[in-house]
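One-based numbering, in listed order, for ligands and for the atoms of each.
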Amino acid sequence: MFKKILIANRGEIALRVIRTCKEMNISTVAVYSTADKDSLHVRFADEAVCIGPPQSSDSYLSIPRLMAATEITNADAIHPGYGFLSENAKFSSVCQENEIKFIGASPDMINAMGDKASAKKTMKKAGVPTIPGSEGLLESVDEGKKIAKKIGYPVILKATAGGGGRGMRIVHTEDELEPAWDSATKEAGAAFGNDGMYLEKFIEEPRHIEIQIAGDRRGIACHLSERDCSIQRRHQKLVEETPSPFMSDELREKMGEAAIKAAEAIKYEGVGTVEFLVDKNRDFYFMEMNTRIQVEHTITEEVINYDLIKEQIKLAAGDVVSGENYFPKLHAIQCRINAEDPLMDFRPSPGRITDYNVPGGHGIRVDSHAYAGYTIPPNYDSMISKLITVAQTREEAITKMERALGEYVIDGIKTTIPFHQALMKNEEFRKGNFTTKFLEDFDMDAAKAFV
Ligand code: MV4
């Protein structure tokens with residue numbers, strides 16, 4: 001087992017990793033920018049190294065600075081958390097060259113899944129359902145037109161290097177294809193330095209349901225059931241839950257097997273997530289594979305009573321999976337509490353937290369680096385807390401969430417708490433009636449009642 005892990009991240013996830021390391025008797029090294037000197041991950045790690053100024057490019061994204069901190073503290077592994085360098089092939093390979101264990105995917109795996117068109121090809125070959133469309137990259141607009149005519153409009157153009165909706169265009173008619181192609185290639189070229197495009201049938205009002213998987217060095221994988229992440233706004237997830245209210249036992253079995261097939265086809269090692277789109281007929285299609293621990297791993301942990309960070313560290317150290325799949329008996333929901341104003345188009349609201357009270361009691365979990373007097377810097381992601389409830393049923397988990405949101409005091413800044421309170425009251429949400437389009441039609445003014 002590793003002796004000392006450097007956590008190349010900040011905020012709640014850095015704290016989350018430190019907590020598990022402590023329980024595993026592994027020493028921890030925090031790294032921090034000058035903006036984060038008063039952060040809890042710095043306080044609770046065994047050692048802390050300042051790696052630079054607030055800008056991420058000169059601190060949390062600087063491979064030389066992170067490697068220097070690893071060397072001076074004699075850490076033998078790096079946990080990248082999520083975001084930042086967690087899916088950076090270069091960082092993974094620099095770790096490899098320096099004989100530091102990167103607790104994440106190998107450079108080859110990151111590259112294979114980072115190129116979306118080739119990831120899709122790999123999955124199709126492995127027998128995982130994929131969305132009808134081009135076989136790999138499009139050579140020209142005309143090729144796109146030919147394929148679109150065959151599969152029928154609407155179609156969607158996607159950047160192969162994309163993610164988070166960037167370089168993506170929905171196309172309803174042939175006339176729209178060429179302008180969409182021009183603007184999407186331009187956007188992708190500027191954002192990713194790669195303007196490769198592929199095309200597929202556009203699935204209307206899908207659900208985003210992902211399967212948590214774990215694979216070992218023997219190439220054996222198991223699944224840990226699903227998370228429904230359909231409640232998103234502009235490709236930012238706001239609420240996640242498991243099990244999905246849309247899921248049947250039969251569909252879970254089928255999607256679980258497909259996710260295992262996906263992981264075993266590439267001999268995936270570590271914890272990962274296979275994302276699917278699920279249409280109204282309950283047909284499901286491979287969308288992307290994430291090679292990192294995700295923000296929403298917490299709800300899976302709660303329903304199967306399992307520490308996924310511990311599992312991730314053990315798999316990185318060479319442990320093997322049991323080979324059993326996990327099916328939840330409980331229901332968990334996570335609300336992302338962001339320092340944003342839901343009544344002002346979710347505008348960031350950094351600043352000092354003047355008063356702070358965390359909810360507690362049975363079935364409540366709060367993963368956060370916030371405290372009374374803490375100042376949220378303007379330089380990073382606005383997520384400051386994850387509020388998770390776990391109960392026997394979905395109804396109870398929602399009731400608990402309403403109760404917990406009501407107890408959660410975060411003064412001095414605006415947060416997404418009032419939005420979550422309004423959502424928990426929404427009839428359609430309560431019925432489990434939602435798709436990825438849900439928040440587009442949601443009346444944000446409903447949050448006013450809770451401010
Ligand atoms: C789609 C789609 C409909 N049809 N692909 C959005 C981000 C990127 N990872 C893929 N995305 C989508 N791909 C086809 N063929 C709809 C989306 C999509 C979406 C997917 C998951 C969660 C939220 C979403 C919001 C808008 C669009």
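- For the pair Arg227 and Glu241, the salt-bridge criterion is not met [side-chain N within less than 4.0 Å of a carboxylate O].
- Between His369 and Tyr374, the ring-plane angle classifies as perpendicular under the 30° and 60° cut-offs.
- The existence of a salt bridge linking Asp175 and Lys145 is excluded, since no basic side-chain nitrogen approaches an acidic carboxylate oxygen closer than 4.0 Å.
- Looking only at side-chain heavy atoms (C-beta outward), Ile410 and Ile384 come within less than 4.5 Å of each other.
- Here Glu135 pairs with Lys124 under the side chain to side chain donor-acceptor pair (under 3.5 Å) rule; sequence neighbours left out.
- Stacking of Arg394 on the aromatic ring of Phe429 is recorded, both the 6.0 Å distance cut-off and the 45° axial limit being met.
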For ligand 1, list all ligand N or O to protein N or O distances below 3.5 Å, rounded to 0.1 Å.
from	atom 1	to	atom 2	distance (Å)
ligand 1	4 (N)	Ile203	N	2.8
ligand 1	5 (N)	Lys158	NZ	2.9
ligand 1	9 (N)	Glu288	OE2	2.7
ligand 1	13 (N)	Lys158	NZ	3.1
ligand 1	15 (N)	Glu200	OE2	3.1
ligand 1	15 (N)	Lys201	O	2.7

